[in-house]
Each structure stands twice: as structure tokens, then as C-alpha cells.
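Structure first, commentary second.
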Amino acid sequence: QVHLVESGGGLVQSGGSLRLSCATSGFSFSSYAMSWYRQAPGKERELVCTITSLGVSISVKDSVKGRFTISRDNAKNTVYLRMNSLRPDDTGVYYCSAAWGTARYWGQGTQVTVSS
């Protein structure tokens with residue numbers, strides 16, 4: 001069975017940091033591009049950043065460039081998102097996803113709340 005399990009979310013003050021983890025199993029992790037999405041209350045889910053199967057990272061959302069870093073550990077089948085200098089508008093549910101060809105897998109998300 002395919003599993004993607006996010007962890008590391010929580011409540012932090014503005015300016016703080018968090019590291020999210022997404023532990024996966026049940027598929028060929030090293031062949032998949034991995035991404036982090038987020039969804040703020042009342043908003044559409046948006047792509048934050050992606051890391052390819054070769055380890056090339058792409059910061060998609062301008063507002064997180066320089067603050068968020070995606071990485072992967074193929075030996076652990078895990079992808080990470082390091083978030084620094086958090087702002088209240090970073091608040092939302094953060095989702096891990098895996099993509100290869102037509103295959104798409106999603107985790108259940110982890111809540112990140114940044115207080116003023």
C-alpha cells in the first residue's frame with residue numbers, strides 16, 4: 001500500500017522555523033518527483049516547491065524563495081521542507097505529493113499555524 005505521512009507541523013510565532021517531513025512507502029520513491037503544496041483557509045491548494053528525482057529543487061512560489069528549502073533522502077524514502085522566517089500568511093495545511101508519469105500520490109497534510 002502507498003503511504004505518504006507528513007509530520008512536523010504545529011503552532012509557531014512569526015519569524016520562527018519548522019521542518020516538515022514526509023515519510024513514504026509502497027512505491028519507488030527515487031523515481032518520483034516530490035512536491036510540497038499548501039492550502040490556506042478558504043484558498044485553493046497551491047504548489048510551493050518541487051524536487052525532481054535527480055535532486056534538483058525548484059522553488060515555485062515567489063513568496064517562499066529564500067525562506068523554504070526542499071530536500072530528499074532517497075535512502076529513507078523521505079522528503080523534507082525546511083521553513084525559515086515564517087509569516088502568518090504561511091499558515092495552512094501542507095501536503096506532500098509524489099508524481100511520476102500519470103501516477104499521483106498525496107499525503108493527508110500537516111497543519112502549520114504562524115501567529116503574529
Side-chain angles (χ1 to χ4, degrees):
Q1 294 182 336
V2 172
H3 294 279
L4 289 78
V5 182
E6 300 95 337
S7 62
L11 175 64
V12 298
Q13 290 185 318
S14 180
S17 298
L18 287 172
R19 189 182 75 160
L20 307 183
S21 298
C22 176
T24 75
S25 61
F27 65 99
S28 298
F29 178 85
S30 63
S31 297
Y32 282 68
M34 302 297 299
S35 297
W36 286 96
Y37 290 74
R38 70 185 183 188
Q39 187 169 23
K43 301 291 183 66
E44 296 292 318
R45 187 176 299 186
E46 62 182 359
L47 176 62
V48 177
C49 54
T50 294
I51 186 165
T52 73
S53 62
L54 297 178
V56 178
S57 62
I58 304 169
S59 296
V60 176
K61 189 168 179 63
D62 288 344
S63 65
V64 310
K65 290 180 179 178
R67 300 189 297 121
F68 290 12
T69 302
I70 189 171
S71 61
R72 67 190 297 158
D73 187 339
N74 287 347
K76 297 180 179 179
N77 295 336
T78 300
V79 64
Y80 305 94
L81 183 66
R82 178 67 182 180
M83 305 185 294
N84 295 324
S85 302
L86 284 163
R87 306 165 181 168
D89 60 3
D90 293 320
T91 293
V93 179
Y94 283 70
Y95 298 90
C96 176
S97 71
W100 185 85
T102 60
R104 297 289 187 276
Y105 303 124
W106 292 89
Q108 295 300 305
T110 185
Q111 176 71 42
V112 172
T113 303
V114 185
S115 63
S116 300

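Residue indices begin at 1 and follow the sequence shown.
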*State which residues pass side chain to side chain contact (heavy atoms under 4.5 Å, CB included) with Lys61; sequence neighbours excluded, sorted by chain then number.*
Arg38, Glu46, Ser63, Val64

*Mind listing the closest non-hydrogen atom pair of Arg72 and Ile51 along with its distance?*
NH1-O, 3.5 Å

*Single-linkage hydrophobic cluster, 4.5 Å side-chain cutoff, Leu47 and Val93 together*: yes

*Return the minimal non-hydrogen interatomic distance between Gly8 and Leu18, and the atom names on each side.*
O-CD2, 3.6 Å

*Can you sort out the partners of Arg67 under side-chain hydrogen bond (donor to acceptor under 3.5 Å, both in side chains), two or more places apart, ordered by chain and number?*
Asp90

_Under the criterion side chain to side chain contact (heavy atoms under 4.5 Å, CB included), I'd like the reasoning laid out for Ser35 against Tyr37: C-alpha separation, chi angles, the key distance, then a yes or no._
CA-CA 7 Å; Ser35 297; Tyr37 290 74; 3.8 Å; yes

*Output every pair passing salt bridge (Lys or Arg N to Asp or Glu O under 4.0 Å) with a member in residues 7-32, not counting sequence neighbours, ordered by first then second residue.*
none

*Is there a side-chain contact between Arg104 and Ser97, using heavy atoms and a 4.5 Å cut-off?*
no

*ILVMFWY clustering at 4.5 Å (side-chain atoms), partners of Leu54*: none

*For Val5, check side chain to side chain contact (heavy atoms under 4.5 Å, CB included) against everything at least two apart and list the hits.*
none

*Qualifying salt bridge (Lys or Arg N to Asp or Glu O under 4.0 Å) pairs, either residue in residues 1-11, two or more places apart*: none

*Measuring from Lys43:NZ to Thr91:OG1, what's the distance to the nearest 0.5 Å?*
11.0 Å

*Check whether any side-chain heavy atom of Ile70 lies under 4.5 Å from a side-chain heavy atom of Thr50, and answer yes or no.*
no

*Selection residues 40-80 - residue pairs positive for disulfide bond (SG atoms under 2.5 Å apart), sequence neighbours left out*: none

*Treat each ILVMFWY residue as a node, draw an edge where side-chain heavy atoms are under 4.5 Å apart, and state whether Ile58 and Trp100 are in one component.*
no

*Report yes or no: do Leu81 and Val12 belong to one cluster of Ile/Leu/Val/Met/Phe/Trp/Tyr joined by side chain heavy-atom distances under 4.5 Å?*
yes

*Is it possible for you to say whether Met83 and Val48 belong to one hydrophobic cluster, with membership spreading through side-chain heavy-atom contacts below 4.5 Å?*
yes

_Applying a strict under-4.5 Å side-chain criterion to I, L, V, M, F, W and Y, I'd like to know whether Val2 and Met34 cluster together._
yes

*What distance do Leu86 atom CG and Phe68 atom CZ have between them, rounded to the nearest 0.5 Å?*
5.0 Å

Review item, side-chain donor-acceptor pairs of residues 23-32, under 3.5 Å, at least two apart:
| unit_1 | atom_1 | unit_2 | atom_2 | d |
| --- | --- | --- | --- | --- |
| Thr24 | OG1 | Asn77 | O | 2.8 |

For residues 105-114, please give each side-chain donor-acceptor pair under 3.5 Å, one per line with the distance, not counting sequence neighbours.
| unit_1 | atom_1 | unit_2 | atom_2 | d |
| --- | --- | --- | --- | --- |
| Thr110 | OG1 | Gly9 | N | 3.3 |
| Gln111 | NE2 | Thr113 | OG1 | 3.2 |

*asked:* Clusters formed by hydrophobic residues whose side-chain heavy atoms approach within less than 4.5 Å: which one holds Tyr80, and what are its other members?
replied: none

_Residue pairs involving residues 8-17 (criterion side-chain hydrogen bond (donor to acceptor under 3.5 Å, both in side chains); sequence neighbours excluded)_ = Ser17-Asn84

_Partner set under side chain to side chain contact (heavy atoms under 4.5 Å, CB included) for Ser59, not counting sequence neighbours_ = Lys65

